[in-house]
Number of protein chains: 2
Amino acid sequence: MALEHALLVSLRERAASGSELTRRFDKSFGYFWSATHQQIYRTLARMEADGWLTSTVVPQQGKPDTKVYDVSPVGEKILAAWLTEPPATTPLRSDLAVKLRGASFADDRAGVLDMARGQRAEHEARAAAYRQMLARQFPHPEDLPDADLDRYLVLRAGVRVEEGWIGFLDEYLSTHERRAAGVRAKEA
Amino acid sequence: MALEHALLVSLRERAASGSELTRRFDKSFGYFWSATHQQIYRTLARMEADGWLTSTVVPQQGKPDTKVYDVSPVGEKILAAWLTEPPATTPLRSDLAVKLRGASFADDRAGVLDMARGQRAEHEARAAAYRQMLARQFPHPEDLPDADLDRYLVLRAGVRVEEGWIGFLDEYLSTHERRAAGVRAKEA
DNA sequence: AGCACCTATGCAACAAGTTGCAAGGGGTAG
DNA sequence: CTACCCCTTGCAACTTGTTGCATAGGTGCT
């Protein structure tokens, strides 16, 4: 629903080509709005047709020509208005939450716990990646210009979300591990 | 991608009609996997065609007949296997995160902060709803059967996710409010 | 010169999710 | 008896997101 606006934000930060935007959405921007190159190209075309963006073909050294997009005055207005509108409630869909809720229907509870450990490791890795980005991109966060402060704070949100998952998985795993230990003790 | 499996989990918990499943996905189950009635009906039809589910038409008092679905042995196997498979990485898409990252492009920073306060209130309300559900459905969580323990723990994940958002929004708002106060002090 | 690979862009088909609408049964009020 | 509302199910079209594939330019190697 908001890919257009995510593209507007990214392009306002810095004009870019479809290819460059695809890379951005695979990395930093992609941590809170992901999109495939095909979706990005199709949406850019529609936004240009609607007058939200302008584009310029730029020859490159040793590479094909590239199409650099920028936000038009119309697009600036549309983005400014969108930024203060309350967002629609984003429906949540989590495979992991569904799996853990249904874990008692697995053949093997241990297999589910192993899967949960693997997921915990992935969330840990993601949190570590965010922290590394924070340290690298914002070594001195006390005195940032407004736009950088926003990027900094939103990146910290990423860390919080990962920490939330890690805390949950820790609780889930330790509760089940304690249960399993209690069952084994009772069987002694 | 996993609506089929979410339906399998919900139906293994208790057989239900499409209408009843729609209500479940609007409420408790919907907190981590949401779906519209149309998607649910279409997916149920496909799952029955594929042999994952069985259904029985049940007359009702004062209401039209209803179609009660249950999981077939084939469906049970498919679910059991899915539960231990590592989930695909769920792409994240957050309107709110995009808005806050792009806040410096708004006409009015105060408008964005107001929107953020509204979002904070919504997350607070959602966390409170989860807590109330926890208190009501699991007054004594120390000695739950396995399946109920899973439902209890996953519900607590919901609380953690909301608390993560609240913590982030608190930081975002207080940081910008301090900045605004600092600017006003400097103008004095 | 030709081939393989990389880069940048984009078409087409399909899947997932949503919206709008509709059909038919049951019950109630006028 | 009729009209309206509720309930349950489901069709169709559209939007969003994904996958697979393709085109064309540029470079390097054989």
- Query: Taking atom P of D:dG17 as reference, at what distance in whole Å does atom CG of A:D26 sit?
  - Reply: 15 Å
- B:R151 side, atom CZ; B:M133 side, atom CE - distance, nearest 0.5 Å: 11.0 Å
- Value in whole Å for how far the P atom of D:dT16 lies from CG of A:L44: 14 Å
- Message: I'd like to know if A:R179 and B:D146 make a salt bridge, using a cut-off of under 4.0 Å between side-chain N and carboxylate O.
- Response: yes
- Choose from C:dT9, C:dA8, C:dG17 the nucleotide whose nearest atom is closest to any side-chain atom of A:P64. C:dA8
- Message: Hydrophobic cluster membership, with links at side-chain heavy-atom distances under 4.5 Å among I/L/V/M/F/W/Y: are B:W33 and B:Y41 in one?
- Response: no
- Task: In whole angstrom, give the distance that lies between atom NZ of B:K63 and atom P of C:dA23.
- Result: 23 Å
- Query: Cut-off 3.5 Å, side chains only: do A:S19 and A:R23 have a donor facing an acceptor?
  - Reply: yes
- Message: What residues from residues 54-62 of chain A pass a heavy-atom cutoff of under 4.0 Å to DNA chain D?
- Response: A:G62
- Query: Mapping B:P91 and B:R23 to their closest nucleotides on DNA chain D, which lands nearer the 5' end?
  - Reply: B:R23
- Given C:dT9, is OP1 or OP2 found less than 4.0 Å from the side-chain N or O atoms of A:Y41? yes
- Starting at atom CD of A:Q39, determine the distance to atom P of D:dG20, rounded to an integer number of angstrom. 16 Å
- Counting heavy atoms not belonging to A:R14, are there more than 12 under 6.0 Å from its CZ? no
- Item | For atom NZ of A:K67 and atom C1' of C:dT7, their distance in whole Å | 16 Å
- DNA chain D-proximal residues of residues 11-22 of chain B, any heavy atom under 4.0 Å: B:S17, B:G18, B:S19
- Item | A:D95 CG - C:dA16 C1' separation (whole Å) | 13 Å
- Query: For A:S104, what residues pass the side chain to side chain donor-acceptor pair (under 3.5 Å) criterion, not counting sequence neighbours?
  - Reply: none
- Query: Taking atom C1' of C:dA16 as reference, at what distance in whole Å does atom CZ of B:R93 sit?
  - Reply: 11 Å
- Return the nearest nucleotide to the side chain of B:T36; candidates are C:dA8, D:dT18, C:dT19. C:dT19
- Message: Taking 4.0 Å as the cut-off, does a side-chain nitrogen or oxygen of B:R46 come that near to OP1 or OP2 on C:dA15?
- Response: no
- Query: Side chain of A:R42: nearest nucleotide among C:dT9, D:dT16, C:dT7?
  - Reply: D:dT16
- Message: Side chains of B:R120 and B:D170, heavy atoms from C-beta outward: is any pair under 4.5 Å?
- Response: yes
- Any A:F168 side-chain heavy atom under 4.5 Å of A:L100 side chain: yes
- Would you say a side-chain N or O of A:T66 is under 4.0 Å from OP1 or OP2 of C:dT9? yes
- Query: Between CD1 of A:I40 and CG of A:L21, what distance do you get to the nearest 0.5 Å?
  - Reply: 6.0 Å
- Query: To the nearest Å, how far apart are B:Q38 CD and C:dT18 P?
  - Reply: 11 Å
- Below 4.5 Å, heavy atoms only, C-beta onward: do B:Y69 and B:T54 meet side chain to side chain? no
